[in-house]
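Counting convention: from 1, in listed order, for ligands and their atoms alike.
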Amino acid sequence: MQILVTGGLGFIGSHTVVELQAKGFEVVVIDDCSNADEKVLDGIEKISGKKPIFEKLDLKDRGKVEDFFHRYPDVEGVIHFAASKAVGESVEKPLLYYENNIGTLVYILKELSKKNKASFIFSSSCTVYGQADKMPITEDAPVKEAESPYGNTKQIGEEIISDTCKVTPNLNAIALRYFNPMGAHPSAEIGELPIGVPQNLVPFITRTGVGLRKELSVFGDDYPTEDGTCIRDYIYVVDLAKAHVVALERLLASKNPKNYEVFNVGTGKGSSVLEVIGSFEKVYGKKLNYRIVGRRQGDITTAYADTTKANNELGWKSIYSLDDAMESAWKWEQKIRN
Ligand SMILES: NC(=O)c1ccc[n+]([C@@H]2O[C@H](COP(=O)([O-])OP(=O)(O)OC[C@H]3O[C@@H](n4cnc5c(N)ncnc54)[C@H](O)[C@@H]3O)[C@@H](O)[C@H]2O)c1
């Protein structure tokens with residue numbers, strides 16, 4: 001049996017390929033390298049001792065997607081990471097985001113619907129909750145109006161999968177709503193690639209640490225939290241990758257009571273921006289140069305996951321601490337800058 005990982009050279013995808021290979025799955029990666037480098041394959045091989053099969057292909061090309069599934073009839077499971085993910089860019093170029101994040105999803109689901117049995121894992125996001133009314137956030141918290149076209153693609157994506165599953169009993173799907181992924185593989189062979197402007201706090205911190213940025217801007221210290229900075233749930237990318245394997249195994253073993261399910265993937269613990277900086281300073285061994293500036297438009301105050309459903313039903317729990325994850329992020333940043 002083969003498992004297709006779309007976007008498998010990307011940040012979360014590459015770590016998931018490593019975890020799948022460790023479990024003995026044969027992995028086929030599709031990536032168009034729009035936000036990745038083919039050298040990631042070497043990093044995966046160094047960790048796993050094996051390169052996945054690689055198809056350089058743009059999933060926006062429907063003909064190529066159809067052709068791929070003809071050439072790989074043994075693909076029974078798909079983990080779909082490929083997407084564009086820059087929130088700001090999505091506001092500027094909404095059609096690019098709808099085409100890449102929704103079009104590609106539809107093409108893949110069409111192909112999977114033709115199979116006798118297929119398993120599908122979707123990269124969703126805690127952005128679907130917006131500023132939730134209650135913490136920690138459970139999966140049945142209401143989905144709030146999206147703040148950006150990117151966020152909207154995750155909401156619409158979930159709806160498309162849910163609607164398709166209702167009429168396609170042979171299709172089994174899980175949407176994983178990630179909280180804030182961070183870190184790199186402990187070997188520092190793979191991590192988050194430094195293409196473009198980072199989208200998340202941790203790469204900004206490590207880039208400041210390594211001297212690529214003069215200082216880190218902390219957006220607002222007047223939020224109603226203990227230290228006034230925003231709170232998020234930082235999940236180590238290796239823990240997150242393992243959640244995909246567990247979710248896939250659930251579907252392959254037909255342990256899912258419904259053919260469409262949603263799970264939060266976080267640690268269940270919220271950390272403020274200043275706590276994250278504090279964690280970095282422990283591995284850095286000195287003070288980070290940061291400055292408090294005004295609030296950033298669109299930032300919510302607090303978001304952290306209730307992970308009870310993932311813990312009890314998936315049998316998955318995050319293991320690594322924020323400090324472990326930070327150590328790996330710093331090791332990776334230093335390696336790529338050398
Ligand atoms: N990183 C986060 O903070 C975060 C949070 C929540 C959800 N997600 C979602 O998780 C998924 C993976 O995120 P990531 O951080 O690993 O991103 P990433 O950009 O590192 O990985 C995505 C990969 O998909 C590839 N890709 C994009 N469009 C493609 C196309 N049309 N055809 C083939 N390949 C294509 C890119 O080259 C890249 O390697 C995305 O769907 C993202 O929206 C990420």
Side-chain angles (χ1 to χ4, degrees), residues 4-18 28-41 43-44 52 54-65 68 78-87 89-90 93 96-108 120-129 146 148-158 161 175-185 190-204 232-238 240-241 243-244 263-266 303 305 325 329 332:
L4 166 63
V5 180
T6 75
L9 299 190
F11 172 42
I12 308 166
S14 56
H15 290 83
T16 304
V17 170
V18 165
V28 186
V29 166
I30 287 182
D31 204 300
D32 67 353
C33 296
S34 55
N35 198 31
D37 195 303
E38 269 190 63
K39 286 192 200 121
V40 173
L41 288 167
I44 293 173
F54 176 53
E55 292 274 342
K56 188 168 179 181
L57 186 158
D58 182 353
L59 292 160
K60 293 196 291 302
D61 186 331
R62 184 169 168 203
K64 288 201 174 135
V65 175
F68 170 86
V78 177
I79 306 183
H80 183 44
F81 292 105
S84 304
K85 64 166 184 179
V87 175
E89 187 188 46
S90 79
K93 301 175 187 166
L96 172 81
Y97 276 68
Y98 288 115
E99 184 183 25
N100 204 30
N101 297 8
I102 301 298
T104 61
L105 171 66
V106 171
Y107 300 157
I108 292 169
F120 184 75
I121 311 292
F122 178 63
S123 297
S124 190
S125 166
C126 67
T127 55
V128 301
Y129 299 119
S148 69
Y150 167 74
N152 210 19
T153 64
K154 294 300 172 191
Q155 298 190 6
I156 298 170
E158 286 193 7
I161 300 164
L176 297 178
R177 290 177 177 163
Y178 314 156
F179 279 66
N180 293 70
M182 66 167 287
H185 195 270
I190 53 172
E192 201 166 356
L193 266 196
I195 297 177
V197 181
Q199 298 302 313
N200 300 317
L201 172 64
V202 175
F204 272 115
R232 298 287 182 273
D233 184 339
Y234 294 89
I235 171 84
Y236 182 39
V237 66
V238 174
L240 175 58
H244 291 80
F263 292 96
N264 284 341
V265 188
W332 168 250

Quiz item: What residues form a salt bridge (Lys or Arg N to Asp or Glu O under 4.0 Å) with Asp61, not counting sequence neighbours?
Solution: Lys64
Self-check item: Tyr178 side chain to Ser123 side chain, donor-acceptor N/O pair below 3.5 angstrom
Solution: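 Yes, a side-chain donor-acceptor pair sits under 3.5 Å.
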Exercise. Kindly indicate whether the side chain of Val197, heavy atoms from C-beta on, has any atom under 4.5 Å from the side chain of Phe204.
Key: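 Touching, per the 4.5 Å side-chain cut-off.
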I'd like a table of the close N/O pairs between ligand 1 and the protein (anything under 3.5 Å), one pair per line with both atom names and the distance.
{"from": "ligand 1", "atom 1": "3 (O)", "to": "Asn200", "atom 2": "ND2", "distance (Å)": "3.3"}
{"from": "ligand 1", "atom 1": "15 (O)", "to": "Lys85", "atom 2": "NZ", "distance (Å)": "2.7"}
{"from": "ligand 1", "atom 1": "16 (O)", "to": "Phe11", "atom 2": "N", "distance (Å)": "3.3"}
{"from": "ligand 1", "atom 1": "16 (O)", "to": "Ile12", "atom 2": "N", "distance (Å)": "2.8"}
{"from": "ligand 1", "atom 1": "17 (O)", "to": "Lys85", "atom 2": "NZ", "distance (Å)": "3.4"}
{"from": "ligand 1", "atom 1": "19 (O)", "to": "Asn35", "atom 2": "ND2", "distance (Å)": "2.7"}
{"from": "ligand 1", "atom 1": "20 (O)", "to": "Phe11", "atom 2": "N", "distance (Å)": "2.8"}
{"from": "ligand 1", "atom 1": "26 (N)", "to": "Asp32", "atom 2": "OD1", "distance (Å)": "3.4"}
{"from": "ligand 1", "atom 1": "28 (N)", "to": "Asn100", "atom 2": "ND2", "distance (Å)": "3.0"}
{"from": "ligand 1", "atom 1": "31 (N)", "to": "Asp58", "atom 2": "OD1", "distance (Å)": "2.9"}
{"from": "ligand 1", "atom 1": "31 (N)", "to": "Asn100", "atom 2": "OD1", "distance (Å)": "2.7"}
{"from": "ligand 1", "atom 1": "32 (N)", "to": "Leu59", "atom 2": "N", "distance (Å)": "3.0"}
{"from": "ligand 1", "atom 1": "34 (N)", "to": "Asp32", "atom 2": "N", "distance (Å)": "3.1"}
{"from": "ligand 1", "atom 1": "34 (N)", "to": "Asp32", "atom 2": "OD1", "distance (Å)": "3.2"}
{"from": "ligand 1", "atom 1": "37 (O)", "to": "Asp31", "atom 2": "OD1", "distance (Å)": "2.7"}
{"from": "ligand 1", "atom 1": "37 (O)", "to": "Asp32", "atom 2": "OD1", "distance (Å)": "3.4"}
{"from": "ligand 1", "atom 1": "37 (O)", "to": "Ser34", "atom 2": "N", "distance (Å)": "3.2"}
{"from": "ligand 1", "atom 1": "37 (O)", "to": "Ser34", "atom 2": "OG", "distance (Å)": "3.4"}
{"from": "ligand 1", "atom 1": "37 (O)", "to": "Asn35", "atom 2": "N", "distance (Å)": "2.9"}
{"from": "ligand 1", "atom 1": "39 (O)", "to": "Gly10", "atom 2": "N", "distance (Å)": "3.3"}
{"from": "ligand 1", "atom 1": "39 (O)", "to": "Asp31", "atom 2": "OD1", "distance (Å)": "3.2"}
{"from": "ligand 1", "atom 1": "39 (O)", "to": "Asp31", "atom 2": "OD2", "distance (Å)": "2.6"}
{"from": "ligand 1", "atom 1": "41 (O)", "to": "Phe81", "atom 2": "O", "distance (Å)": "2.8"}
{"from": "ligand 1", "atom 1": "41 (O)", "to": "Lys154", "atom 2": "NZ", "distance (Å)": "2.9"}
{"from": "ligand 1", "atom 1": "43 (O)", "to": "Tyr150", "atom 2": "OH", "distance (Å)": "2.6"}
{"from": "ligand 1", "atom 1": "43 (O)", "to": "Lys154", "atom 2": "NZ", "distance (Å)": "3.1"}

Self-check item: Which residues share a side chain to side chain contact (heavy atoms under 4.5 Å, CB included) with Ala82, sequence neighbours left out
Solution: Thr6, Leu59, His80
Practice problem: Please name all residues satisfying ring pair (Phe, Tyr, Trp, His ring centres under 6.0 Å) with Phe68, sequence neighbours left out, ordered by chain then number. | Solution: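 Applying ring pair (Phe, Tyr, Trp, His ring centres under 6.0 Å) to Phe68 gives Tyr72.
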Quiz item: Would you say the ring centroid of His15 lies under 6.0 angstrom from that of Tyr236?
Solution: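 Centroid distance His15-Tyr236: not below 6.0 Å, so no.
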